[in-house]
Amino acid sequence: MFLNLQHYPDTAVPTQMLVQNTLPFEEESTVFADLILPVPIPKLFTYRVSRAMSGLIKVGARVIVQFGKNRVITAVVGKLHHTPPANYQAKYVLELLDEEPLVMASQLELFRWMADYYLCTIGEVMNVALPSGLKITSQSKVQFNPDFDYAELLTEEEVGLLEEIKKHKSLSYDEVARLTEGVNVNAVIKSLVGKRAVILFEQVKEKYKPKISRKVRLTESYASAAGVNGLMKELERQPKQQEVLLRYLSFVPVQSNAGLNQKGLEKAAFTQDDNSSNSSLQTLLKNGVFEQFEVTVSRFADLPEAPAAVINLSESQQGAIRQIQDHFQDKEVVLLHGITGSGKTEVYIHMIKQALESGTQVLFLLPEIALTTQIVVRLRKVFGDKMGIYHSKFSDNERVEVWKGIIEGKFQFVVGVRSAVFLPFTNLGLIIVDEEHETSYKQFDPAPRYHARDVAVVMAYMHHGKVVLGSATPSLESYYHAQHGRYGLVEMFERYGDAALPEFLLVDIKEEKKSRKMKNEFSSVMLNYMQYNLEHNEQTILFQNRRGYSPYIQCEECDWIAQCNNCDVSLTYHMKVAELRCHYCGHKEQVPRTCPNCGSPKVKTMGFGTEKIEDELHLIYPNARVQRMDMDTTRAKNAYQQIIQDFENEQIDILVGTQMVSKGLDFGNVSVVGIFDADRMIHFPEFRASERAFQMLTQVSGRAGRRAGKPGKVLIQTHNPGQEILRWVIRNDYRTMYNTEISEREEYNYPPFSRLIKLIVKHTDRDTAQRAATTLAELLLTELGQSRVLGPEPPLVERVRNQYLFNILIKLEREKINFKAVKSFIQEKVTDILTDKTLKNVNVVVDVDSM
DNA sequence: AGCACGCCGACT
DNA sequence: GTCGGCGTGCTC
């Protein structure tokens, strides 16, 4: 239970009170709290706990404190003790927000580990961990001083501003600024405060609002079969009121079950049609027939009860479950390598059920895109409202409800994205990480730059639970661990319900171009297949991992290319919105009609993205139903699901999209998958390129050929059909890919043979950035040696948001090295650079296990 | 990260 | 002469 000791949002803490450091009317208590504050300062802050609060405060509860001169912020109690700080006077904890811990001891342990491992502060971890509905905003507000006597002389500006402030009860700085344009608000407010015309105060408000449902029910005297019958008679002369009563009874059959009345009916159920029923209801309320009441409802209340879904497991699924259980005898982690369509989900469901029955909690992690799909619907059918969903597209209130629901025991099982590892589990028996190879499990910005899969493994150790990592295309790291006995390995190579593997067709673009068979981006082969599909009402998925219309526009006369002002990249042309956009910083600008450099009107789009493919499809097949699915078309909360649903209902003939189309689309009618630009993925300048390309191509291919007895087709357009990666994809030969890649990784000492820490040095001035990076690299070399420090070198995109970047890569062997000591050495050197007086405003990002 | 305090250029 | 620019250093 979360008892708010104060009622928000109305609490205003006058500033004068905040400044006070001792409480006058009581003896000083000897309880001190070390608090985790949401700031990037690597230590806890010790505050004093008042005597009244000392019996109530608990580790993991949130408190409000004054931090600095004028800031009021929320903190979480990290530790309680009796040691007064030696060198300073501790301030008092102003308020206690939770009677019971909101952050569990197990979480604090995990958060400390994360801060330590990923080289950030526990405050930064806390900041990302808590849904913002549980954080508290502190905002300075201004208010007219009712005691102001106009004794001081005011300037014209001050009078104007004061008049505005007088009109309102209280205003934030922002609001004042909006009301009085063109005035230097901060300065004027400051002088008004000085003249005691206005008062400043800190308003703290809790953002989470429970959802309230307004309901009505029959008053006690009528809440029985006899009561209702009597009432019907009484109302014979009032047909409208009788109608309202009947309506109520149709939802809540009190005659047959009087107990149902207790729960009542939403008031909204009466008023949706017309106003007269509303007024009749008002009369009934007034006459004491009905009564109103309010209940706090869950935002997930409308979910169906779990039907006892029976799953028939295939031989291979049963075998997989047995093997997993065997491995769990002596291993914490099992890698489940199951090809697309092998039925991993049923295995998961079985494992989850078992864990739940044994009374432990279960966490099921999915990549963001997969979470919006059918798998959640399926899980919901099995687990009903015992399952919580934690998703970034959910509102804050919904996330707070999941958080609290776990603590209260309402959700024993949570399906969620990366950040679900922060939830308040106390007894995790099983964690499943599906699509464990997905790079989106690694958070890049802001700190903590954590990898949810790796965090999950650590979490499981802490909870003495188990982990299942699942993938059709495991990361080299996980497979390596499985090969070397650190993880158990279970493989499923049979397609469920004997769906055939797709047939592959490599289309040589060079050949097609030579014989002039290409129609823009489409090879004749692809056009033929699409044509066939349209004629036979079968669906096609086209994959191009690049959004927008074209990645750049260029002048034919002078070769000018539209570039971002803030980043060293070309601007992507988006046709629908008629804009050039930077995919790095979000900068937008108008599309020039003529070349800004030479004035020529011959500015052409170059290259192609999903939008161009969509556009050309409309031209080639005017009657086909084409839908695009990428970040631009799925921004709205339910847009993604809508597209999926339309596709499922076969209201879309051709779906063209980015990697979004590679996840969770399991539809029988997709007989062709077309892949553009496979070469770009394969040759991406990065050591994981081959692995990624293999994963991506395999995942997309898996969308085809899901209909039993009828293999689908996968068309890959490439300039080089002989590439070995394509061969591996076609043969579904993970092993060879793994063996080839792993020996390269070993040779060049890349993960899993080493750990990588990437340092990104940033500065607005290129020379300063380079100088800082070089200095830092030299400092690191002293202890780590030449072989472990690579760089600095500029990344592919040298400048982002007007910051020049230089990367230093540190490779550390996995064995025989004091990882902790090395990390604190790195931290130390980074701090040296940051505090170097000759290198001002340099920023360094430390990314442990960088991807 | 904020936020206040402190020392040098363009205005009444 | 003042306002106000943002550099620097601290926060229990």
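Protein chains get the first letters and strands the later ones, always in sequence-line order, with residue 1 at the start of each.
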Point to revise | Qualifying salt bridge (charged side-chain N to carboxylate O under 4.0 Å, His left out) pairs, either residue in residues 842-851 of chain A, two or more places apart | key: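 Pairs touching residues 842-851 of chain A that pass the test: A:K442-A:D847.
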Exercise for review: Answer yes or no: does a side-chain N or O of A:K69 lie under 4.0 Å from OP1 or OP2 of B:dG2?
Suggested key: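 Looking at the OP1 and OP2 atoms of B:dG2, neither is under 4.0 Å from any side-chain N or O of A:K69.
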Review point. Using a cut-off of less than 4.0 Å, is there contact between a side-chain N or O of A:K43 and OP1 or OP2 of C:dT11?
Key: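 The answer is no; no side-chain N or O of A:K43 sits under 4.0 Å from OP1 or OP2.
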[X] [atom1] to [N] [atom2], straight-line distance once rounded to whole Å:
X: A:L37; N: B:dG2; atom1: CG; atom2: P; answer: 13 Å
X: A:Y47; N: C:dC12; atom1: OH; atom2: P; answer: 5 Å
X: A:M126; N: B:dA1; atom1: CE; atom2: P; answer: 18 Å
X: A:D836; N: C:dG9; atom1: CG; atom2: P; answer: 13 Å
X: A:N843; N: B:dA1; atom1: CG; atom2: C1'; answer: 12 Å
X: A:L44; N: C:dT11; atom1: CG; atom2: C1'; answer: 14 Å
X: A:N87; N: C:dT11; atom1: CG; atom2: P; answer: 11 Å
X: A:I73; N: B:dG2; atom1: CD1; atom2: P; answer: 10 Å

**Study point:** Basic-acidic side-chain contact under 4.0 Å: A:E686, A:R688
**Key:**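 A:R688 and A:E686: not salt-bridged.
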Practice item. Measure from the side chain of A:I41, starting at C-beta and using heavy atoms only, and say which of C:dG7, B:dA1, C:dC12 lies closest. Key: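 The answer is B:dA1.
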**Study point:** Closest nucleotide among C:dT11, B:dA4, C:dG7 to the A:F45 side chain
**Key:**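 The closest nucleotide is C:dT11.
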Practice item. Identify the heavy atoms of A:A777 and A:I808 that sit nearest to each other, and give their distance. Key: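 Smallest heavy-atom distance, with atoms named: N-CD1, 3.8 Å.
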Review point. Side-chain donor or acceptor of A:Y88 under 3.5 Å from a matching atom on the base of C:dC12?
Key: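 Indeed there is one.
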Exercise for review: Determine the contact category for A:P40: base if any of its heavy atoms lies under 4.0 Å from a base atom, sugar-phosphate if only primed atoms, P, OP1 or OP2 are that close, otherwise nothing.
Suggested key: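 Result for A:P40 = base.
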Check your understanding: Any side-chain heavy atom of A:S419 within less than 4.5 Å of one from A:V128?
Key ->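 Answer no - side chains too far apart.
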Could you pull out all donor-acceptor pairs under 3.5 Å where a side-chain atom in residues 31-39 of chain A meets a protein atom, sequence neighbours excluded?
unit_1	atom_1	unit_2	atom_2	d
A:D34	OD1	A:T46	OG1	2.9
A:D34	OD1	A:H81	NE2	2.8
A:D34	OD2	A:H81	NE2	3.3

